[in-house]
Amino acid sequence: MAGTGPFSDILDGEVYKYYADGEWRASASGKAVAIVNPTTRQTQYRVQACTQEEVNKVMEAAKVAQMAWARTPLWKRAELLHKAAAILKEHKAPIAECLVKEIAKPAKDAVSEVVRSGDLVSYTAEEGVRILGEGKLLVSDSFPGNERNKYCLSSKVPLGVVLAIPPFNYPVNLAVSKIGPALIAGNALVLKPPTQGAVAALHMVHCFHLAGFPKGLIGCVTGKGSEIGDFLTMHPGVNCISFTGGDTGIAISKKAGMVPLQMELGGKDACIVLEDADLDLVAANIVKGGFSYSGQRCTAVKVVLIMEAVILV
Ligand SMILES: NC(=O)C1=CN([C@@H]2O[C@H](COP(=O)(O)OP(=O)(O)OC[C@H]3O[C@@H](n4cnc5c(N)ncnc54)[C@H](OP(=O)(O)O)[C@@H]3O)[C@@H](O)[C@H]2O)C=CC1
Ligand SMILES: O=C(O)[C@H](O)COP(=O)(O)O
């Protein structure tokens, strides 16, 4: 059950703690943010409303931890990610329970989200080892007038502290799709989970804690995006922002300054119906594609483009 057993450390009375410097802490603000269950319309959970000072401390700890992590061998980083993935999958039930209560995700889909998140973490570890294990040799005679008398070796290096901000609809899956790549590449990670979905995300972070990642390397601060979001995205300690969501991403890109941004925003996913399509099958799949999970998927069908010949049938 959520907040119990191995997860009891993350709960302080009725309020879920935030994660800083390898510990679960209650905020000095004494304030909590309520998470309303969309099904019952009642407050289901409460999370800490972190202060700016607490955000500063998380950023400082991340910066220190990242320097040592960048020197940690790739295979060791991968080993820890595989461990976190296994723990995540082992605890799929309590995390899925949070997804059901916070974002009204159907129970079966909630379990799938956690399992596929674990799979994604392992996949990232594997791909990371391959991609980051490679370097490139450049030779000078490709440039006009030069002989082959100069050589250059290049390889990928970490950015530093990555700020991850996922959306409400996949608060675990779209958090680990940022956490996994950032960590395998030698970065530290600060997560600001969506308010709806924050408790599922805190449980997920605890799985990384249980896996034994170094203190401070992962931080998770909670609070409303509208209140701590700007402070986080304009924080001088952030070296990269990985965001998934809606128009908020446009606002962030204007405020963030000279840091690399990874923006996965809303889309207009089109379904194209060709002349030879089986129309019964098409109709069933358009309805499923548009309305499963109440259409709250970035990949949901939003536009249907039909060849004229089909309409004339
Ligand atoms: N392209 C893709 O792969 C995907 C895109 N999406 C898109 O996500 C959207 C739905 O998600 P939704 O959560 O409603 O999106 P929002 O853009 O409203 O919020 C996304 C995240 O931003 C945070 N946030 C809010 N204000 C700020 C701020 N000022 N600074 C920093 N962070 C802030 C939110 O926190 P808080 O919850 O606390 O407000 C949340 O964690 C849809 O547009 C959908 O298409 C979704 C999934 C995948
Ligand atoms: O970003 C999203 O909305 C999800 O990753 C969509 O995934 P799905 O199409 O597999 O549900």
Side-chain angles (χ1 to χ4, degrees), residues 16 18 31-36 38 45-50 52 55 59 98-99 102-106 108-117 119-120 123-124 162-181 189-202 204-205 220-235 238 240-257 259 261-271 285-286 288-303:
Y16 278 90
Y18 74 102
K31 292 188 194 149
V33 178
I35 298 171
V36 173
Y45 301 123
R46 286 190 171 81
V47 294
Q48 310 288 331
C50 290
Q52 295 188 349
V55 170
M59 292 294 176
C98 300
L99 292 171
E102 284 183 289
I103 56 168
K105 183 160 283 203
K108 198 166 148 241
D109 296 347
V111 172
S112 307
E113 173 167 349
V114 183
V115 173
R116 91 174 183 182
S117 297
D119 291 342
L120 185 60
Y123 175 80
T124 317
V162 176
L163 171 65
I165 307 181
F168 83 93
N169 59 347
Y170 290 81
V172 175
N173 191 36
L174 292 176
V176 301
S177 65
K178 303 174 187 313
I179 297 172
L189 193 288
V190 175
L191 175 69
K192 204 306 277 175
T195 297
Q196 297 294 139
V199 175
L202 292 169
M204 173 272 294
V205 168
C220 183
V221 289
T222 49
K224 285 196 175 154
S226 52
E227 286 166 21
I228 56 165
D230 287 356
F231 187 73
L232 277 163
T233 53
M234 294 197 281
H235 199 284
V238 170
C240 170
I241 301 174
S242 179
F243 175 88
T244 306
D247 288 353
T248 315
I250 299 171
I252 290 175
S253 68
K254 288 182 182 154
K255 293 176 196 160
V259 293
L261 302 175
Q262 185 193 32
M263 293 279 160
E264 277 187 310
L265 307 182
K268 287 278 166 281
D269 312 65
C271 168
N285 277 296
I286 288 173
K288 189 170 166 224
F291 298 101
S292 67
Y293 186 24
S294 311
Q296 298 178 131
R297 292 160 51 232
C298 66
T299 48
V301 171
K302 292 159 192 109
V303 178

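Read the numbers this way: they start at 1 and go in the same order the structure lists the ligands and their atoms. Residue numbers run from 1 in the order of the sequence given.
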Compare every heavy atom of [Y] with every heavy atom of [X], then report the nearest pair and how far apart it is.
| X | Y | answer |
| --- | --- | --- |
| Gly223 | Val33 | CA-CG2, 4.1 Å |
| Pro166 | Pro171 | CG-O, 4.4 Å |
| Val176 | Pro181 | O-CD, 3.7 Å |
| Ile241 | Thr233 | CD1-O, 3.6 Å |
| Leu261 | Ala256 | CD2-CB, 3.8 Å |

### Message
With the threshold set at under 4.0 angstrom, would you say Lys192 reaches ligand 1 through any of its heavy atoms?
### Response
yes
With a cut-off of 4.0 Å, which atoms of ligand 1 are near a heavy atom of [X]?
| X | value |
| --- | --- |
| Leu174 | 47 (C), 48 (C) |
| Lys224 | 38 (O) |
| Ile165 | 21 (C), 22 (O), 23 (C), 31 (C), 32 (N), 41 (O) |

Could you list each N/O atom of ligand 2 together with any protein N/O atom closer than 3.5 Å, one pair per line with the distance?
| from | atom 1 | to | atom 2 | distance (Å) |
| --- | --- | --- | --- | --- |
| ligand 2 | 3 (O) | Cys298 | N | 2.8 |
| ligand 2 | 7 (O) | Arg116 | NH2 | 3.1 |
| ligand 2 | 9 (O) | Arg297 | NH2 | 3.2 |
| ligand 2 | 9 (O) | Thr299 | OG1 | 2.5 |
| ligand 2 | 10 (O) | Arg116 | NH1 | 2.9 |
| ligand 2 | 11 (O) | Tyr170 | OH | 2.6 |
| ligand 2 | 11 (O) | Arg297 | NE | 3.0 |

[atom] - nearest protein heavy atom and its distance:
| atom | value |
| --- | --- |
| atom 16 (P) of ligand 1 | Thr248 OG1, 3.5 Å |
| atom 22 (O) of ligand 1 | Phe243 CE1, 3.2 Å |
| atom 37 (O) of ligand 1 | Thr195 N, 2.9 Å |
| atom 29 (N) of ligand 1 | Asp230 OD1, 3.2 Å |
| atom 7 (C) of ligand 1 | Gly245 O, 3.3 Å |
| atom 12 (P) of ligand 1 | Phe168 CD2, 3.6 Å |

So [Y] and [X], do their side chains get closer than 4.5 Å, heavy atoms only?
| X | Y | value |
| --- | --- | --- |
| Ile250 | Met263 | no |
| Lys178 | Val162 | no |
| Leu191 | Met204 | yes |
| Val199 | Val47 | yes |

### Query
Do Lys192 and Phe243 meet the cation-pi criteria used here (NZ or CZ under 6.0 Å from the six-membered ring centre, within 45° of the axis)?
no
## Note on the structure
Residues passing the salt bridge (charged side-chain N to carboxylate O under 4.0 Å, His left out) test with Glu102, sequence neighbours excluded, are none
### Message
So, using side-chain hydrogen bond (donor to acceptor under 3.5 Å, both in side chains) as the criterion, who are the partners of Glu264 when residues are at least two apart?
### Response
Thr244
### Query
How would you list, by chain and number, every residue that makes a side-chain hydrogen bond (donor to acceptor under 3.5 Å, both in side chains) with Arg116, sequence neighbours excluded?
none
Measure from [atom] to every heavy atom in [options] and give the option owning the shortest one.
| atom | options | value |
| --- | --- | --- |
| atom 31 (C) of ligand 1 | Cys298, Gly229, Gly266 | Gly229 |
| atom 43 (O) of ligand 1 | Ala300, Pro193, Gly246, Pro194 | Gly246 |
| atom 40 (C) of ligand 1 | Gly225, Ala198, Ala164, Pro166 | Pro166 |
| atom 1 (N) of ligand 1 | Asp247, Leu265, Leu232 | Leu265 |

### Message
Geometry only, no angles: is Pro167 polar-contacting ligand 1 at N/O separations under 3.5 Å?
### Response
no
### Task
Using distance alone, determine whether Asn169 and ligand 1 share an N or O pair under 3.5 Å.
no
#### Entry: Contact partition for Tyr170 relative to ligand 1, non-hydrogen atoms under 4.0 Å
neither
### Task
Mark yes or no for whether Gln48, through its side chain, and Thr222, through its backbone, hold a donor-acceptor pair below 3.5 Å.
no
